[in-house]
Amino acid sequence: VETVLVTARPPRWLDELAHVVGVRGIAVCGNGAFRYDVAEQRVFAERTIEPELLAEVVADLRRELPGTGFAAERAGGLAAERMFAAIHDHPEDLVCTHRIEELGDERAGKLLARNPHLTDDEFLVAAGEVVADRLVLSYSGAGGLAEMSAPGVTKASALKAWCAELEIDAHDVWAFGDMPNDLP
């Protein structure tokens, strides 16, 4: 039996769950962007957003939806613009940056965006129109928080790929969730 935890959370927030998944436990994190060995506390696979694409999408969202704040889930933790940090709960070890495009060498597995000037539904619809099919836009239930992953990266695609590598058939997998981004 292989225990695989599939979560929207970034890898570093899962260390406290090691006792749940056991010595062979794997977490598929960041909506499918990272594979994390919980027992060894290390990311061993990443499917991140190309930096040029991230910069393009952020520029378009800034232009079309002024006041939008951004954060990025990375293998090493969450980085956020100060404005995003001011309107959204965040961990104590948050890395603050002036502009999310200036992340340096650590790539984003998931881009997060929120706009306090629009209702939750207005922002999610408008962000979807701006992003179009360039990134996978999902919603995990956190009010007005748009979550964006690289093309083709979802919890479902990551779990399917992991199971294929382990030669586990789909009919041998149990999956459940509690938020809209779990539906796939």
Side-chain angles (χ1 to χ4, degrees), residues 2-14 17 20-21 25-38 42-58 60-61 65 68 70-80 84 88 100 103 106-115 120-121 123-184:
E2 188 74 31
T3 302
V4 179
L5 176 65
V6 182
T7 176
R9 292 283 186 196
R12 292 191 58 217
W13 293 354
L14 297 175
L17 297 177
V20 175
V21 295
I26 299 299
V28 175
C29 318
N31 282 355
F34 306 106
R35 284 194 213 158
Y36 185 71
D37 186 310
V38 179
R42 70 177 181 89
V43 172
F44 66 92
E46 297 183 30
R47 296 170 65 199
T48 58
I49 302 169
E50 292 296 327
E52 300 79 20
L53 179 56
L54 183 135
E56 176 185 301
V57 168
V58 167
D60 291 349
L61 286 166
L65 303 170
T68 299
F70 297 93
E73 290 184 3
R74 307 165 306 149
L78 185 68
F84 182 92
H88 191 71
I100 205 65
L103 286 174
E106 193 170 8
R107 294 169 58 148
K110 187 164 59 167
L111 175 66
L112 306 173
R114 186 172 238 167
N115 188 308
D120 295 352
D121 290 339
F123 178 62
L124 292 169
V125 168
E129 291 171 359
V130 173
V131 173
D133 62 354
R134 295 181 290 175
L135 297 175
V136 174
L137 181 71
S138 63
Y139 171 67
S140 66
L145 182 65
E147 301 179 19
M148 294 162 269
S149 302
V153 176
T154 65
K155 291 179 181 184
S157 67
L159 182 59
K160 181 178 180 180
W162 181 238
C163 288
E165 288 176 31
L166 296 174
E167 298 180 357
I168 297 172
D169 291 328
H171 69 273
D172 291 326
V173 175
W174 290 13
F176 59 92
D178 62 352
M179 293 297 165
N181 62 340
D182 296 324
L183 289 174

Task: Expected output: side-chain Thr68 to main-chain Ala113 donor-acceptor under 3.5 Å - done: no

- [ ] Would you give the length of the straight line joining atom CD of Glu165 to atom NZ of Lys160, rounded to the nearest 0.5 angstrom?
- [x] 13.0 Å

Task: Heavy-atom side-chain proximity of Val153 to Val136 below 4.5 angstrom - done: no

Task: Ile100 CD1 to Leu112 CG distance, which is reported to the nearest 0.5 Å - done: 8.5 Å

Task: Residues that Asp60 engages under side chain to side chain contact (heavy atoms under 4.5 Å, CB included), provided they are two or more places apart - done: Glu56, Arg63, Val130, Arg134

Open item on the list: Nearest 0.5 angstrom please: Arg74 CZ to Leu111 CG, how far?
Closed with: 12.5 Å

TODO: Determine the minimum heavy-atom distance between Arg47 and Ser157, stating which atoms define it.
DONE: NH1-OG, 3.4 Å

TODO: To the nearest 0.5 Å, tell me how far Ser138 OG sits from Met148 CE.
DONE: 9.0 Å

Open item on the list: So, taking the atom named CG in Asn115 and the one named CG in Asp120, what distance separates them when rounded to the nearest 0.5 Å?
Closed with: 10.5 Å

TODO: Give the minimum heavy-atom separation between Glu73 and Phe34, together with the two atoms involved.
DONE: O-CZ, 3.8 Å

- [ ] Any chance you could measure Leu124, atom CG, to Glu147, atom CD, to the nearest 0.5 Å?
- [x] 9.5 Å

Task: Nearest heavy-atom neighbours spanning Val173 and Cys163 - done: CG2-SG, 3.6 Å

Task: Minimum heavy-atom distance Ala150-Ile49, with the two atoms named - done: N-CG1, 3.6 Å

Task: Short side-chain to backbone donor-acceptor contact, Glu106 and Gly76, under 3.5 Å - done: yes

Task: Any residue meeting salt bridge (Lys or Arg N to Asp or Glu O under 4.0 Å) with Glu167, in chain and number order, not counting sequence neighbours - done: none

Task: Which atom of Glu50 lies closest to which atom of Arg107, heavy atoms considered - done: OE2-NH2, 2.9 Å

- [ ] Check whether the side chains of Asn31 and Ser149 place a donor and an acceptor atom closer than 3.5 Å, and report yes or no.
- [x] no

Task: Leu78 to Ala71 - nearest heavy-atom pair and separation - done: CD1-CB, 4.1 Å

